[in-house]
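Computed from a predicted model, the values in this text were never measured in an experiment. Order of the sequence lines sets the chain letters (A, B, ...), proteins ahead of strands, with each chain counted from 1.
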Amino acid sequence: MSKPVRVRFAPSPTGPLHIGGVRTALYNYLFARKMGGKMLLRIEDTDQNRFVPGAEEYIIEALRWAGIEIDEGQGVDSGDGDAAFRPGPHAPYRQSERRDIYQKEAQRLVDEGKAYYAFDTAEELDAMRQRLEVANAPAAQYNAITRMQMRNSLTLRADEVKARIQAGEPYVIRLKTPRKEEVRVNDLIRGWVNVHSSAIDDKVLLKSDGLPTYHLANIVDDHLMEITHVIRGEEWLPSAPLHVLLYRYLGWEDTMPQFAHLPLLLKPEGNGKLSKRDADLGGFPIFPLQWTDPATGVVARGFREDGYLPEATINFLALLGWNPGTEQELFTMDELIASFDLAQVHKAGARFDIQKAQWFNHQYIRLRPDAELAPAVQQRAEAAGFDCPSEKAEKIVALLKGRVNFAHEIFTEADTIFNAPTTYDETIAAAKWNDDAVRAVTAFRDALGGFEGEFLADTIRQVLSDAMTQVGIKQGKIMQAIRLALTGSGAGPDLMLTMEIIGKDETVRRLQNALNTLKVPA
RNA sequence: GGCCGAUUCGUCUAGCGGUUAGGACAUCGCCCUUUCACGGCGGUAACACGGGUUCGAUUCCCGUAUCGGUCACCA
């Protein structure tokens, strides 16, 4: 029996969560649920300089919107406002609140000779890198060779090191990376990846401000929080060997989690990974939720605010880099969980195609019950000053939801229902408004005037059909003219239903109005 | 540049030695329809290149090319 699966999503609160981050969270979530495990949210806020207020709340809200549930850590609350509530057995889940833990482990590495103090200033480091570059060294890094030329506890006398620290001189703790060693990482998606330790430099583990870097904090927390699988973006693959080394040096290699590095999301066109700039250029969102930059006040659009349904967004993201091997395209979250498999995650990066996202949205909009879409339409209509009871809103939804990609487009498309035409499409008028059209519209108007029953699409169709038979005009020839008279346009949703919705009186009024306004071309 | 990773239609992908190389988005055409859509049906369109291995390579191996990532006291 193996350990219960525990995964974590560990973003940095440096701004709004990128849509790629949502996908990473999603894959973690799908895997956890599939395996009957737990999903943690940990906040990696060890860089005080990049901390952005509101970012953590944003991340939590975005995950909640997407339907990605957190079992433990930040974002889990007591539900009853209990101030002493701890979101899990390994609290705190904010790294800035765990500094003592990291310092202790870093110190342990120093004591065991696996790490060392370094006093070099930024200028000295620059000088070293420049020197190496000029000397054409393969890589300008702080490593097994260059460390002996720098100011650190390996080159300075022990009493001097002690004196410097006691004098309060700033220092960092660096990993003493082995000179020659093959480090192997097993990736669940890519298989074995081998890296020579000479390619790994003496990474800073503990910064001079006393906070850990990502590498240390990540390993320490993943170990303490009993993480079994690390599922993260491909940008971490190059540092995975370093992480393996750290597990080893900390004595935790036997319980080291398994790794899975996810392919990146790429620009829709051109080179590189998907960026905010691409979103601006392409006119699509790249963040799950709208985000207002607290420093500049600049607003970035969000999938939610743009009208994407969470289930459509999730469905779209899930298929960007993963595929169950079947021809199914539409998945509920439960279906995704049931079919998800890390082994089927693609290895190469995926271009971000917003058209596909729109198609998914279209699918989910048309699947939504009319009654769920109606209130929004009703609200918008009433806000715009139109009378729109819920039965009418529902009919409008039924008429239009299959034609749109976004719910808000239903209201926009319904413009011809709420507003009688003030102008008429000239091309259609020139082509279709002729003597027959006038006779037909007149006859239809009169027939409607004498009509007494319930004003429904089917009966309207019958009235029209009868009237056309009477005047001896083929219905197909004048439909465009009637549409023109009613909506001012040559295109739109089903006409009979449109008339049913606007009602008999308004229909007659519009027909009359067209008769008064439109002239038959000479 | 060093290191690591990747490479099937324009895009997302299926394929895991023998297939008419399948699906979806986009695109084009037809049908349906009173119009425009939706929908249905169909078309165009891909194994980066060169060597091996093999009776046989999209599939395995090695090169080349291209793309991506990474080389901070950022994550």
By nearest-heavy-atom nucleotide on RNA chain B, the more 5' of A:Arg190 and A:Pro238 is A:Arg190

Check: Do you know the tightest heavy-atom contact between A:Ala467 and A:Ala443?
Finding: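 In this case the closest contact between A:Ala467 and A:Ala443 is CB-O, 4.3 Å.
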
- Of all heavy-atom pairs between A:Lys207 and A:Asp47, which one has the smallest distance, and what is that distance?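 Shortest heavy-atom contact: NZ-CA, 3.9 Å.
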
Whole Å only: how far is the [atom1] atom of [X] from the [atom2] atom of [N]?
| X | N | atom1 | atom2 | value |
| --- | --- | --- | --- | --- |
| A:Asp201 | B:rG2 | CG | C1' | 12 Å |
| A:Asn186 | B:rG5 | CG | P | 13 Å |
| A:Gln95 | B:rA75 | CD | P | 9 Å |
| A:Leu242 | B:rC3 | CG | P | 18 Å |
| A:Arg42 | B:rA75 | CZ | P | 13 Å |
| A:Leu237 | B:rC4 | CG | P | 11 Å |
| A:Phe9 | B:rA75 | CZ | P | 16 Å |
| A:Asp126 | B:rC73 | CG | C1' | 12 Å |

- Do A:Arg98 side-chain atoms and A:Pro92 backbone N/O form a donor-acceptor pair below 3.5 Å?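 Yes, the answer is positive, given that a donor and an acceptor are paired below the 3.5 Å cut-off.
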
### Query
With a cut-off of under 6.0 Å to the ring centre and 45° to the axis, is A:Arg164 in cation-pi contact with A:Tyr171?
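Output no; distance or angle outside limits.
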
Rounding to an integer number of angstrom, what distance separates [N] and [M] when you compare their [atom1] atoms?
| N | M | atom1 | value |
| --- | --- | --- | --- |
| B:rG10 | B:rA46 | C1' | 10 Å |
| B:rU27 | B:rC62 | P | 42 Å |
| B:rC28 | B:rU44 | C1' | 7 Å |
| B:rU64 | B:rU20 | C1' | 32 Å |
| B:rA57 | B:rC49 | C1' | 15 Å |
| B:rA21 | B:rC47 | C1' | 8 Å |
| B:rC67 | B:rC61 | P | 24 Å |
| B:rC4 | B:rG43 | P | 45 Å |

In terms of side-chain heavy atoms of [X], which of [options] is nearest?
| X | options | result |
| --- | --- | --- |
| A:Glu235 | B:rC74, B:rG69, B:rC4 | B:rG69 |
| A:Val193 | B:rA26, B:rG69, B:rC4 | B:rC4 |
| A:Asn323 | B:rC3, B:rG68, B:rA14 | B:rA14 |
| A:Glu234 | B:rC74, B:rC67, B:rG5 | B:rG5 |
| A:Gln355 | B:rG22, B:rC74, B:rA26 | B:rA26 |

- request: Give me the residues of residues 203-223 of chain A where at least one heavy atom lies under 4.0 Å from an atom of RNA chain B, by number, or none.
  value: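 By residue number: A:Val204, A:Lys207, A:Ser208, A:Pro212, A:Thr213, A:Tyr214.
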
Counterpart base for [N], defined by Watson-Crick or G-U wobble contacts under 3.5 Å:
| N | value |
| --- | --- |
| B:rC9 | none |
| B:rC30 | B:rG40 |
| B:rA45 | none |
| B:rG50 | B:rC62 |
| B:rG18 | B:rC55 |
| B:rC71 | B:rG1 |

Below the 4.0 Å mark, does B:rC74 have OP1 or OP2 next to a side-chain nitrogen or oxygen of A:Asn49? no

Across the strands shown, which category fits [X] at heavy-atom distances under 4.0 angstrom: base, sugar-phosphate, nothing?
| X | answer |
| --- | --- |
| A:Arg129 | sugar-phosphate |
| A:Asp120 | base |
| A:Thr46 | sugar-phosphate |

Sorted by chain and residue number, the ring-ring contact (aromatic ring centres under 6.0 Å, His included) partners of A:Phe284 (sequence neighbours excluded) come out as A:Phe352

Could you walk me through whether A:Arg94 and A:Glu56 pass salt bridge (charged side-chain N to carboxylate O under 4.0 Å, His left out), step by step?
CA-CA 10 Å; A:Arg94 240 184 237 123; A:Glu56 181 182 322; 2.8 Å; yes

dist A:Arg179:CZ -> A:Asn143:CG (nearest 0.5 Å) comes out at 8.5 Å

Checklist entry - Please, which pairs that meet ring pair (Phe, Tyr, Trp, His ring centres under 6.0 Å) have at least one residue in residues 178-220 of chain A, sequence neighbours excluded? => result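 Pairs touching residues 178-220 of chain A that pass the test: A:Tyr214-A:Trp236, A:Tyr214-A:His243, A:His215-A:His243.
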
*Please test A:Trp322 against A:Tyr27 for ring pair (Phe, Tyr, Trp, His ring centres under 6.0 Å), starting from the C-alpha separation and ending with a verdict.*
CA-CA 9 Å; A:Trp322 168 82; A:Tyr27 282 15; 7.1 Å; no

Protein-proximity profile, nucleotides 7-12 of chain B, B/S/- by nucleotide at the 4.0 Å heavy-atom cutoff, equals S---SB

Protein heavy-atom contacts under 4.0 Å, written 5' to 3' over nucleotides 33-46 of chain B as B (base), S (sugar-phosphate only) or - (none), form the string -BBBBSS-------

Here the salt bridge (Lys or Arg N to Asp or Glu O under 4.0 Å) pairs for residues 433-442 of chain A, sequence neighbours left out, are A:Asp436-A:Arg439

Centroid-centroid under 6.0 Å between A:Tyr364 and A:Tyr308 rings: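 Ring centroids of A:Tyr364 and A:Tyr308 are no less than 6.0 Å from each other.
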
Verify the neighbour count for atom [atom1] of [X]: are there more than 12 heavy atoms of other residues, nucleotides or ligands below 6.0 Å?
| X | atom1 | value |
| --- | --- | --- |
| A:Lys276 | NZ | yes |
| A:Glu269 | CD | no |
| A:Arg351 | CZ | yes |

(Q) When you compare the side chains of A:Asp466 and A:Thr469, does any donor N or O come within less than 3.5 Å of an acceptor on the partner? (A)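 Their side chains do not contain a donor-acceptor pair, so the 3.5 Å distance test is not met.
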
